[in-house]
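Every heavy atom of this structure was used, including side-chain atoms; hydrogens, water molecules and symmetry mates were not. Order of the sequence lines sets the chain letters (A, B, ...), proteins ahead of strands, with each chain counted from 1.
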2 protein chains.
Amino acid sequence: MKTGNVEIGRRFERFQAACRKAGVKLTHQRLEIFREIAGSSEHPDAETVYRGVRARVPTVSLDTVYRTLWLLDGLGLITTLGPRRESVRFDPNLAHHHHFLCVQCGRAMDFESPDLNALSIPASVKKFGSVLATHVEVRGVCAACAKETVAGRTNVTGRPRRKPSKL
Amino acid sequence: MKTGNVEIGRRFERFQAACRKAGVKLTHQRLEIFREIAGSSEHPDAETVYRGVRARVPTVSLDTVYRTLWLLDGLGLITTLGPRRESVRFDPNLAHHHHFLCVQCGRAMDFESPDLNALSIPASVKKFGSVLATHVEVRGVCAACAKETVAGRTNVTGRPRRKPSKL
DNA sequence: TTAGGTGCAAATTCTTTGCACCCTG
DNA sequence: CAGGGTGCAAAGAATTTGCACCTAA
């Protein structure tokens with residue numbers, strides 16, 4: 001899975017511009033960590049990124065990778081898969097349904113929609129494997145969090161609090 | 001968020017039938033753990049289920065909750081949100097895209113689809129909060145895993161291996 | 001210069017495992 | 001009665017934090 005050079009270049013520009021705008025420093029480590037992730041269409045975890053970066057910057061620390069990854073996430077330069085920095089959650093609702101996920105507190109709400117149940121998946125997906133289920137994931141900020149977010153701080157720092165806001 | 005009694009009853013029957021069919025014992029703890037999760041439309045994590053069950057069965061242990069939850073998952077009685085027992089993964093692809101998630105190995109593949117990008121979300125979702133993004137999550141078994149799964153063992157035991165199959 | 005970044009090591013939290021005893025089928 | 005299931009305590013992993021030194025702007 002390779003990503004075109006043109007696209008990678010674009011991602012770098014976006015990165016540098018975002019750093020400037022957000023007033024965060026453009027360090028060697030950040031550059032290399034970004035390079036590591038921007039160049040792949042894999043969905044690496046922190047450990048994997050760490051291993052890759054260490055090949056070029058032997059002194060980086062795993063926690064810098066974590067901080068940078070969350071920084072990039074905060075800057076909107078990358079996203080995460082699934083629930084955000086929360087552990088696995090279980091869902092007893094076996095009816096076909098969909099989720100609204102709050103990106104602040106991690107809360108998940110169910111909703112139903114016959115239209116969405118009837119989604120047709122592009123044929124190209126079949127080449128990945130056999131399909132068991134399909135659902136729509138909507139991300140946003142839930143009403144409760146929107147209210148709390150007084151001054152719109154976005155915590156771009158890459159230093160998350162351990163429990164963002166346990167439900 | 002409450003779930004109707006009829007539906008709960010149905011879930012219990014399904015549970016007992018599934019246990020019988022899979023040949024796993026129907027213990028007091030399992031019943032109570034199932035009751036705890038079947039009765040809510042929250043999406044609790046293991047810790048939350050544990051607290052709830054402990055109110056009725058003071059001696060349950062957290063690890064029994066974990067085992068039972070994964071057992072229920074293995075039996076197809078509940079599902080999980082997001083990636084399956086994997087840590088957070090990051091995605092550098094900012095283009096609107098969708099995911100195919102392998103339920104065996106956790107690998108995620110991107111795919112694009114103008115049709116899916118154009119999904120219209122039901123108006124009822126707006127009451128949850130503001131929508132930032134929407135994407136489709138397809139779950140299935142990837143080609144690689146399908147090949148490996150020789151005898152179709154589904155690991156219903158609830159005793160997962162620590163690293164199911166690190167990508 | 002100087003506030004923001006970094007590396008290190010220790011702390012935390014979340015999960016899983018080993019094992020002896022217990023209970024369902 | 002037998003083998004799966006359970007609780008406990010300890011091991012392991014994945015993340016985060018405190019802090020003193022370093023460096024981009």
Side-chain angles (χ1 to χ4, degrees), chain A residues 15-16 19-34 44-51 53-54 57-75 80 82-90 106 155-166, chain B residues 15-17 19-34 44-51 53-54 57-75 80 82-90 106 155-164 166:
Chain A
F15 173 42
Q16 311 208 2
C19 284
R20 234 174 286 123
K21 190 163 63 164
V24 300
K25 290 178 182 170
L26 200 57
T27 64
H28 180 48
Q29 290 88 331
R30 287 180 175 169
L31 233 8
E32 291 304 325
I33 290 169
F34 185 70
D45 57 11
E47 185 67 35
T48 303
V49 173
Y50 175 53
R51 278 197 299 272
V53 172
R54 208 171 29 172
V57 188
T59 62
V60 279
S61 63
L62 176 57
D63 78 292
T64 293
V65 171
Y66 271 108
R67 286 182 291 213
T68 302
L69 251 15
W70 287 119
L71 169 72
L72 294 173
D73 178 66
L75 292 174
T80 58
R84 297 168 58 89
R85 75 175 74 177
E86 286 287 321
S87 49
V88 190
R89 276 165 313 164
F90 300 85
N155 181 36
V156 150
T157 65
R159 276 248 176 167
R161 30 220 164 312
R162 186 173 287 285
K163 281 280 177 188
S165 48
K166 181 74 178 177
Chain B
F15 173 42
Q16 311 206 1
C19 284
R20 231 172 291 123
K21 190 163 63 169
V24 300
K25 291 179 182 170
L26 201 56
T27 63
H28 180 47
Q29 291 88 331
R30 286 180 175 170
L31 232 9
E32 291 304 323
I33 290 168
F34 185 69
D45 56 13
E47 185 67 34
T48 304
V49 173
Y50 175 54
R51 277 197 300 272
V53 173
R54 208 172 29 172
V57 189
T59 61
V60 279
S61 64
L62 177 57
D63 77 293
T64 294
V65 171
Y66 271 107
R67 286 181 290 212
T68 302
L69 252 14
W70 287 119
L71 169 72
L72 294 174
D73 178 67
L75 291 175
T80 57
R84 296 168 59 90
R85 76 174 75 176
E86 284 288 322
S87 49
V88 189
R89 276 165 312 164
F90 299 86
N155 181 38
V156 151
T157 64
R159 276 250 176 166
R161 31 218 166 315
R162 185 172 288 287
K163 282 280 178 189
K166 182 73 178 180

Would you tell me if any nitrogen or oxygen in the side chain of A:Ser61 comes within less than 4.0 Å of OP1 or OP2 on C:dC8?
no
Specify the separation, in whole Å, of atom CZ of B:Arg20 and atom C1' of D:dG4.
17 Å
Least distance between heavy atoms, A:Ala46 atom then A:Leu69 atom
CA-CD2, 3.9 Å
Please report, rounded to the nearest Å, how far the P atom of D:dG5 is from the CG atom of B:Leu69.
15 Å
Rounded to whole Å, please give me the gap between OH in A:Tyr50 and P in D:dA13.
16 Å
Rounded at 0.5 Å granularity, tell me how far CH2 in B:Trp70 sits from CG in B:Leu75.
13.5 Å
Please confirm whether the shortest side-chain N or O distance from B:Trp70 to OP1 or OP2 of C:dT15 is below 4.0 Å.
no
Residue set satisfying side-chain contact (heavy atoms from CB on, under 4.5 Å) with B:Glu32, at least two apart, ordered chain then number -> B:His28, B:Arg35, B:Val53, B:Arg56, B:Val57
Detail all sub-3.5 Å separations between protein N/O atoms and N/O atoms belonging to nucleotides 22-25 of chain D.
residue: D:dA25; atom: OP1; partner: A:Leu26; partner atom: N; Å: 3.4

Let me test you: for the helix from C:dT1-D:dA25 to C:dG25-D:dC1, what is the angle between the axes at its two ends (five pairs each), rounded to 10 degrees?
50°
Roughly how many Å is it from CD in B:Glu32 to P in D:dG7, rounded to a whole number?
12 Å
Determine whether a donor-acceptor pair (one donor, one acceptor, N or O, separation below 3.5 Å) exists between the side chain of B:Asp63 and the base of D:dC8.
yes
Could you tell me which residues satisfy side-chain contact (heavy atoms from CB on, under 4.5 Å) with A:Thr27, sequence neighbours excluded, listed by chain and number?
A:Lys25, A:Gln29, A:Arg30
My understanding is that only residues two or more places apart in sequence, or in another chain, count here; which of them pass side-chain hydrogen bond (donor to acceptor under 3.5 Å, both in side chains) with B:Arg54?
B:Tyr50
So how far is it from B:Cys19 SG to B:Leu71 CG, rounded to the nearest 0.5 Å?
6.5 Å
Quick one: A:Leu71 CG to C:dG5 C1', roughly how many Å, whole number?
11 Å
d(CD, A:Glu47; P, D:dG12) in whole Å:
17 Å
In Å, rounded to the nearest 0.5 Å, how long is the span from OG1 of B:Thr68 to CG of B:Asp63?
9.0 Å
Would you say D:dT15 has OP1 or OP2 under 4.0 Å from some side-chain N or O of A:Tyr66?
yes
Taking only side-chain nitrogens and oxygens of B:Arg67, does any of them come within less than 4.0 Å of OP1 or OP2 of D:dG5?
no
Calculate the interatomic distance between B:Gln29 atom CD and C:dT24 atom C1'; express it in whole Å.
11 Å
Is there side-chain contact between B:Phe15 and B:Leu31, with at least one heavy-atom pair below 4.5 Å?
yes
Report the distance from atom CG of B:Leu62 to atom P of D:dC8, rounded to the nearest whole Å.
11 Å
